[in-house]
Amino acid sequence: MAATEDHTSTEAQRSAYYVTTPIYYVNDRPHLGHAYTTVAGDVLTRWHRQRGENVWYLTGTDEHGQKIMRTADANGVTPQQWCDKLVEEEWKPLWQHLEIANDDFIRTTQKRHTDRVQEFVQDLFDKGEIYKGGYEGPYCVGCEEYKLPGELLPGATDDEKLCPVHKRPVEWLEEENYFFRLSAYGPKLLEFYAANPDFIQPASARNEVLRFVEQDLKDLSISRSTFNWGVPLPWDEKHVLYVWVDALQNYITAAGYGSDPERFAELWPASVHLVGKDILRFHAVIWPAMLMAAGLPLPKRVVANGWLMVGGEKMSKSNLTGISPTDLTSHFGVDAYRYYFLRAIPFGTDGSFSWEDFTARYTSELANDYGNLASRVAAMVGKYFDGALPAATAAGPAEQAVVDGLAKAVSEADRKIGEELDFAGGIAAIFEFVKLVNGYLTEQEPWKVAKDTSDEGQARLATILYTAAEALRATAVLLNPVMPSTSEKLWESLGAEASLGSLASQTIATVADWGRLPAGSTVVKGDILFPRLEEKPAS
Ligand code: MSP
């Protein structure tokens, strides 16, 4: 009994590796840009799970505000009906399709969220952090944000001004509403950034935020009274809370803030908030200031990804060029999709998607370098050893180079993916190892060694094929966070489960331990990992 209690309390105190995505607006269906951030978070959290850590991955949807209300109106349904439909028919199914292994999905219309949000703002109001005032200025409904006159672009007429992000006319909004004393937090934020140099990443994002906060911060208008689709202010129900102030709190309401103190202690502060660079200021300025005002700890890191671009513009609902995530997965497969965007675009910078580049990487890196390696090795173990993995009894310097290459790939990938969120660099390190194994086979020429029927010749053949199969055992584990279905197929084809257990139970700490896959494992030539691509569908 005592042992069980001890165990439970240690589990509860074990702080989690807690990662969040932005919660997405459900005015429309998800596009490639949304999927980009969500896949990145999935790979990051799967990697940490493979480290054996206590991981929590949160995503969800942002359902209040004028943008959603107008979309629902235009479609002749209530905002709640609209959100329910989009969440159930579009958002959750896409994440499932892309094999996103989130632990929770928060919707800002859930009572578990709205109740806590009301308590949070009431607390700030009681502390004098929120006061009543008036505001007028240009407002972009697309951004759900007041804009500064200086940042607007000229429109079609002298009076018209456009939002620099959406290139659509802004509206003039005049409201009596409540304000959060954001201006009081400038010095405290700067102090915090200085004491925590890794808080905002990459460096370009950090610099942008520093420059912004070094100018005087203005108080933030946090309520709206011209429409009612939002969380009512508990002390003045004519007002609803500004959608961003409501939305940011999802990170704590989902983590048990105000409802489950033990869980909250385990999850908060979050390890990483993943955000697009368009919403950096909300996460790196407003959110920390709100948390400071509430007396809560600040998240450890806010990491901004760049934009997926189309024709030099941020990919958005209006310039998607008709390509949806499922158009790509039905052609390239889900695993290749997960791989491509993280491999092709250095995380943190903008990048363009192109069908041609995707095809080229699929063919050369996935099908030729990786898929062929797996099928060649399985075929040779089948042909020369009846599918029973032989033992390596004649290893020499060439094999040692493979062992060393693996150790290097693991430590580099662990640092790059697990710590630096440099997915492209981490995946490249693993694929360097795949290249090394291909080079090893080309040099060792097992198909020629097979002709030497002497004991020595057969021992060399056995050693070469064992080395290649053992290398594949490691790549299945290392690429599991990026391409889970492919890794599972490879795991099965190597007959690894019988001796090593499930792929999910393999850890990064042991992946470089050479010789884990025992001789005698049953190797079968399974499905081709990356089948030849069909013709590009006509657009
Ligand atoms: N609802 C707010 C976020 C609230 S978080 C408390 C929001 N939603 S959004 O639907 O517009 O999606 C925002 C996020 O989606 C971006 O920050 C980014 O992470 C991702 N992306 C949307 N378009 C993108 C690209 N074209 N490229 C890369 N990521 C993109 O803002």
Side-chain angles (χ1 to χ4, degrees), residues 19-42 44 58-68 71 83 86-87 90-91 94-95 100 105-109 113 117 120 140-145 163 165-166 205 229-231 241-255 270 272-288 290-291 299 302-321 323-325 340-342 344-353 421 423:
V19 177
T20 67
T21 71
I23 50 170
Y24 303 102
Y25 288 128
V26 288
N27 57 314
D28 209 339
R29 55 178 59 156
H31 61 61
L32 295 176
H34 304 123
Y36 178 60
T37 308
T38 311
V39 168
D42 192 56
L44 176 65
L58 175 72
T59 189
T61 44
D62 191 351
E63 306 188 2
H64 289 130
Q66 227 167 336
K67 176 153 62 174
I68 310 279
T71 310
C83 294
L86 268 276
V87 167
E90 302 286 349
W91 289 82
L94 180 66
W95 298 155
I100 305 301
F105 188 103
I106 182 120
R107 300 181 52 183
T108 55
T109 51
H113 175 75
V117 165
F120 185 98
C140 170
V141 177
C143 297
E144 292 283 15
E145 189 183 19
C163 161
V165 178
H166 289 88
W229 182 237
V231 179
L241 194 60
Y242 171 40
V243 61
W244 266 102
V245 173
D246 156 4
L248 286 162
Q249 291 178 61
N250 87 88
Y251 304 128
I252 56 172
T253 60
V272 178
H273 285 323
L274 286 177
V275 300
K277 64 177 183 178
D278 46 334
I279 57 173
L280 179 64
R281 285 182 195 173
F282 290 102
H283 286 82
V285 181
I286 295 174
W287 180 225
M290 281 167 60
L291 289 166
V302 175
V303 181
N305 62 250
W307 286 342
L308 292 188
M309 312 285 280
V310 177
E313 295 267 324
K314 174 176 178 252
M315 189 175 278
S316 69
K317 150 186 158 211
S318 46
N319 67 2
L320 270 177
T321 64
I323 299 174
S324 72
Y340 171 71
F341 288 99
L342 293 181
I345 304 166
F347 204 64
T349 65
D350 294 346
S352 292
F353 155 77
L421 279 70
F423 300 102

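Atoms within a ligand are numbered from 1 in the order they appear, just like the ligands themselves.
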Check: Trp307 side chain, Gly33 main-chain N or O, donor-acceptor pair, under 3.5 Å:
no
So, the side chain of Lys277 versus the backbone of Gly306: is there a donor-acceptor pair under 3.5 Å, distance only?
no
Using a 4.0 Å heavy-atom cut-off, which part of [X] comes near ligand 1: side chain, backbone, both, or neither?
X: Met309; answer: neither
X: Thr21; answer: neither
X: Asn305; answer: side chain
X: Ile279; answer: side chain
X: Tyr251; answer: side chain

Could you give me the CA-CA distance, side-chain angles and deciding distance for His34 and Thr21, then say whether side chain to side chain contact (heavy atoms under 4.5 Å, CB included) is met?
CA-CA 9 Å; His34 304 123; Thr21 71; over 6 Å; no
Is there a polar contact between ligand 1 and [X], counting only N or O atoms under 3.5 Å apart?
X: Val275; result: no
X: Gly276; result: yes
X: Asp278; result: yes
X: Tyr25; result: yes
X: Tyr36; result: no
X: Pro22; result: no

Please step through side chain to side chain contact (heavy atoms under 4.5 Å, CB included) for the pair Val275 and Phe282, ending with a clear verdict.
CA-CA 10 Å; Val275 300; Phe282 290 102; over 6 Å; no
Would [X] count as a contact residue for ligand 1, given that I'm defining contact as a non-hydrogen atom of the residue lying under 4.0 Å from a ligand atom?
X: His31; answer: yes
X: His283; answer: yes
X: Trp287; answer: no

Are any of the side-chain heavy atoms of [X] and [Y] separated by less than 4.5 Å?
X: Thr108; Y: Thr61; result: no
X: Tyr251; Y: Ile106; result: no
X: Phe341; Y: Phe423; result: no

Begin from the C-alpha positions of Tyr36 and Phe347 and carry the test side chain to side chain contact (heavy atoms under 4.5 Å, CB included) through to its verdict.
CA-CA 10 Å; Tyr36 178 60; Phe347 204 64; 3.6 Å; yes
Exercise: identify the closest heavy-atom pair between Val141 and Gln66
CG1-CB, 4.1 Å
Nearest heavy-atom pair of Thr37 and Asn305: which atoms, and what distance?
OG1-OD1, 3.0 Å
Numbered in order shown, the ligand 1 atoms found under 4.0 Å of a heavy atom of Asp62 are 1 (N), 2 (C), 4 (C)
Atoms of ligand 1 less than 4.0 Å from Ala247 heavy atoms?
6 (C)
Out of Thr37, Thr20, Ile286, the nearest non-hydrogen contact to atom 20 (C) of ligand 1 is supplied by Thr37
Evaluate side chain to side chain contact (heavy atoms under 4.5 Å, CB included) for His113 paired with Asp246, printing each intermediate quantity in order.
CA-CA 9 Å; His113 175 75; Asp246 156 4; 2.7 Å; yes
